[in-house]
Amino acid sequence: MTTKQSMVTVEEFMDDPIAYFGESLTQMHSIPRDELEELQRQAMAIRFDQHRQSIELVGKLADRLGVTVLDEFNDVVPLFFSHTAFKSYPAALVDNKRFDLMTKWLGKLTSHDLSKVDTNGCNGIDDWIDRLDEQTPLEVITSSGTTGTLSIIPKDKHGAREGMQLWKICLFQTFGTEPTFEQLNPAVEVIWPNYAKGKLGHLRIANMIKQGFTGNDERKFHALYPDAIDTDLMFLASKMRAAASRGELDRLVIDPALAARKDEFIAMQARQPEDLDNFFTTIAEKLRGKRVFMIGTYGLMYDVAKAGLERGISGVFAKDSAILTGGGNKGAVLPDDYMDVIHEFLGVDRIQEGYGFSEQSAFHWACSEGRYHVQPWVIPFVLDPDTSEPLPRTGRQTGRAAVYDVLLKAHWGGVISGDEVTIDWDLHCPCGQTSVAFEHDIIRYSEKQGVDDDRITCAATHEVHNEAVNFMKAFES
Amino acid sequence: MSGAYTVPLFLRGEVITDDLVTFGTRSGATRFQAPDMARYVEQLPLPTPMAMADLNDVGFDEILDVLEALGNALTFDTNPHLQEAYEAAVLANPLPPDMLKNSYQILPPLFTRANVLELAETQVGLDYLNGWVPHALADGRELRVRAFGSRVVHIPAGNGGLVSAVTILRSVITRCDAIIKAPSNDPLTAVAIARTLADVAPGHPITKHLAVAYWKGGDAAIEERLYRPEHVEKIVAWGGLASVKHVTRYIQPGLEMIALDPKRSATIIGREAFGDDETMREVARRAAVDIGVANQEGCANARVIYAMTGTDPTGIANANKLGELIYEELVRLPAFISTPPPQPNRELYEHVEASRMTEDFYQVIGGEQREGAVIVSQFDSPVDYSAMLSGRVANIVPVDGIDKVTEAVTAYTQTIGIYPESLKHELRDTLPLFGAQRLTSLGYACSVPIAAPQDAIEPMRRMCKWIVEETCDPDVVIPLWRLGEAAAQV
């Protein structure tokens, strides 16, 4: 099998799937299952071999477990990272501004060389991320947790560009028809129902979208709040939650650099109602009937739709607009008719749903049947939720989602999620796509167990931001 | 639906198993049934405060007799109620069977005359419990004080049978009327003790002033009807924030809360521990017990262990050595004290595994089979997930001085196990300022005395109503009316 020609094939598949599949959504999800799995197996082995050399932690873990080659899909499972791998640095490093050590820590999680990064005088997380942006191929994203640490995932600029291209392919094409020039080069205004900028998780995507969908044209990018959200402030919020849960709020020390910006944050908070009005004025007066791309979680979409309808705005965008939502309800309780409310406000033909987590290269798009079809460069797994042992790749299996994403080059692609998913491995989806699919109902295990979710979800960002500002208001520096 | 069982309502001597509804347990898999308290809640409180009279009249010797008989009857091997409670706890509780059985086997000695007398005398005062204690005040009046029982609802924690037993013991000694809301992770122990009481003292006022019921904590349909000043005077709430929060909304004048909040404990090991191998081994053995007892499910267990080794290379090496020794001792503990946890916390182990890969900052010893682990910080801060430590996972933190330790002692800190004694003596006037509530010799953190204050309060004195009767002789205590006359004459 491993003739010279097929090696070239595998490498194109794993390094540039967009070209490999001719920029076609239809081709991506029409490849026969056997053929795809053979490609995936070979790609997995090659990527592992690369990452074992280039990512220190992958090499160490493989050495410790005695893994030298990957033959079968399940061979990769012991090498999976959980979300904790991306937040295993001591939070004290940030408090003490040891961004040299933070860089060293991150350097062990990425295939890029970070040894030359200059962190001299670095005064916060945002500053540090700027340095990484300037000095390395990385474009890291962060998320947040309540243990007082932020996860930091070493994504790179190449991945960001590729990701946006993949989004466009999935958003504007229809399965079953080859793409037109217009679909490959769609002209849209972007609606971003969130803070305009920020290094925090999903906010980082704002810039990627602006670049990918408008060619960096500010006039075509419409954010709910024009301000940037500050990662250091979010880090403080995260530490506050952790401190509150340990009864240590009285011991929390606020970084003077952040405290000095207190008034700025308070003013930003005070402007929010006005920002919200401006946002809807823009939508009603300038964007009515326009073709847009809008992305947000179910909760965020619902809140915006409800606020819009309350202002008498409905059916506002062009029918062929691209709307992407997902993220589960993530703990937010939405009314049963939330999708109707969103539809009524937007007035578009279709609302697309995606499933994914930040450690992956792209979302998996829901088909006409509501199943999330796994992108061909991603190998899905269903694991026993407690032991993480892989469940059989036959029949209908429910368990913990895990993936190995062969497209990821900057960081290790094997991750275990916190989500309960179902895959029917033998299903030939009536939608016509040949790819394996996650069933529509996905729930976080933490929600299922009624435990407080560890993550600050997109929907809660606004709230958590205000929580931190309120704390700073009360704080006498 | 395997292992379904029934949690009866114990209503002042009567055992009720009608009108059953189904509940889940904390571990999720098993379920149990209990009478629908919406139907019985009106019968839980006393119909009138006057109904306390019969309990008030019971002499203390009689209390001693009844409790002694109860203790004798609480022999696990011969008591079917306890055996049934044990079977239920095995299903409902994350602790392994041997440990749960042990938690019942330690019950009888609690009820001996000597123990009851010590508890009554030190935690309230027998004179106050049994009569009016006279005092003369500086203004000349004669004061007499007596501790009366109250009408109390108890919401005990469910980790082991001890908490339910102590709750009943405290109630009987203080002549309180007790309504116990059984915990879902130990639904039957309180009922089992109550039924045993009904067996040894049928119709006795002590039996008639005890009720045990299960309802889901926070069920407003029940709690709104019960938590009222006309029904109860005090609520003793153990356990998590959720259970305490459910209660606080009902607190008002006439209804007070005695909160025995969830706590965490810490350990401090002084430089002396690292003097020679033998001492280090002994210290490791003691620390392992503080970590391991009942699989670190309790508030008194050791979790973060501050080692005053210093943070230079020698200090870090000593901390690592101590970690190795503690781990060895930990896995060697006998099964009735500690075992690999049957339900290890997955989230915790995800963090432990991440720390294992972060060698610059942490050294992880053990834990590959989720049997328990020791994480040694290679610098002077605990792991960021220290609040999650459970199932025999401890974190050793090398420090240069005591400041790093006091930083970590907060209002949520209960016990601090300390080695050696001289260090404890040195720290005892400082640590309480930060929040520590109990300082004890290393190795005794989980051997919690009952005849002592708990969580920096005195729950038994708080359970009592402290009533004052005073006599004022106008010739001694200058009365206001004479002051009035004197003023008029001026």
*asked:* Give me the atom names and distance for the closest heavy-atom approach of B:Tyr362 to A:Ser88.
replied: CE1-O, 3.8 Å
*asked:* Testing the basics here: between A:Trp105 and B:Thr358, what is the closest heavy-atom pair and its distance to 0.1 Å?
replied: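 Taking every non-hydrogen atom into account, CD1-CG2, 3.9 Å.
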From [X] atom [atom1] to [Y] atom [atom2], the distance as rounded to the nearest 0.5 Å:
X        : Y        : atom1 : atom2 : result
A:Thr84  : B:Arg356 : OG1   : CZ    : 11.5 Å
B:Ser381 : A:Asn96  : OG    : CG    : 7.5 Å
B:Gln343 : A:Asp386 : CD    : CG    : 9.0 Å

*Going by heavy atoms in the side chains, are A:Pro385 and B:Arg346 under 4.5 Å from each other?*
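In short, these two side chains do not touch, never coming nearer than 4.5 Å.
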*For the residue pair B:Phe361 and A:Leu93, establish whether any side-chain heavy-atom pair is separated by less than 4.5 Å.*
yes
*Give me the contact list for residues 106-115 of chain A versus chain B, heavy atoms only, anything under 4.5 Å, ordered by residue number.*
A:Lys108
*Partner of A:Ser82 by side-chain contact (heavy atoms from CB on, under 4.5 Å), out of B:Glu353, B:His351, B:Glu347, B:Glu350*: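 Answer after filtering B:Glu353, B:His351, B:Glu347, B:Glu350: B:Glu350.
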*Name the region of B:Gln378, side chain, backbone, both or neither, that has any atom closer than 4.5 Å to a heavy atom of chain A.*
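Neither part; nothing is under 4.5 Å.
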*Is it the backbone or the side chain of B:Val409 that comes under 4.5 Å from a heavy atom of chain A, or both, or neither?*
backbone
*asked:* Counting heavy-atom pairs under 4.5 Å with chain A, which one of B:Ala354, B:Pro344, B:Ala408 comes out on top?
replied: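 Of B:Ala354, B:Pro344, B:Ala408, B:Ala354 has the most heavy-atom pairs under 4.5 Å with chain A.
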*Give, as side chain, backbone, both or neither, the part of A:Phe81 having an atom under 4.5 angstrom from any heavy atom of chain B.*
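For A:Phe81, the contact with chain B is made by the side chain alone.
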*Assess whether atom NZ of A:Lys60 is packed by more than 12 heavy atoms of other residues, nucleotides or ligands within 6.0 Å.*
yes
_Between A:Arg64 and B:Met357 (side chain of the first, backbone of the second, donor and acceptor by atom type, cut-off under 3.5 Å), is there such a pair?_
no
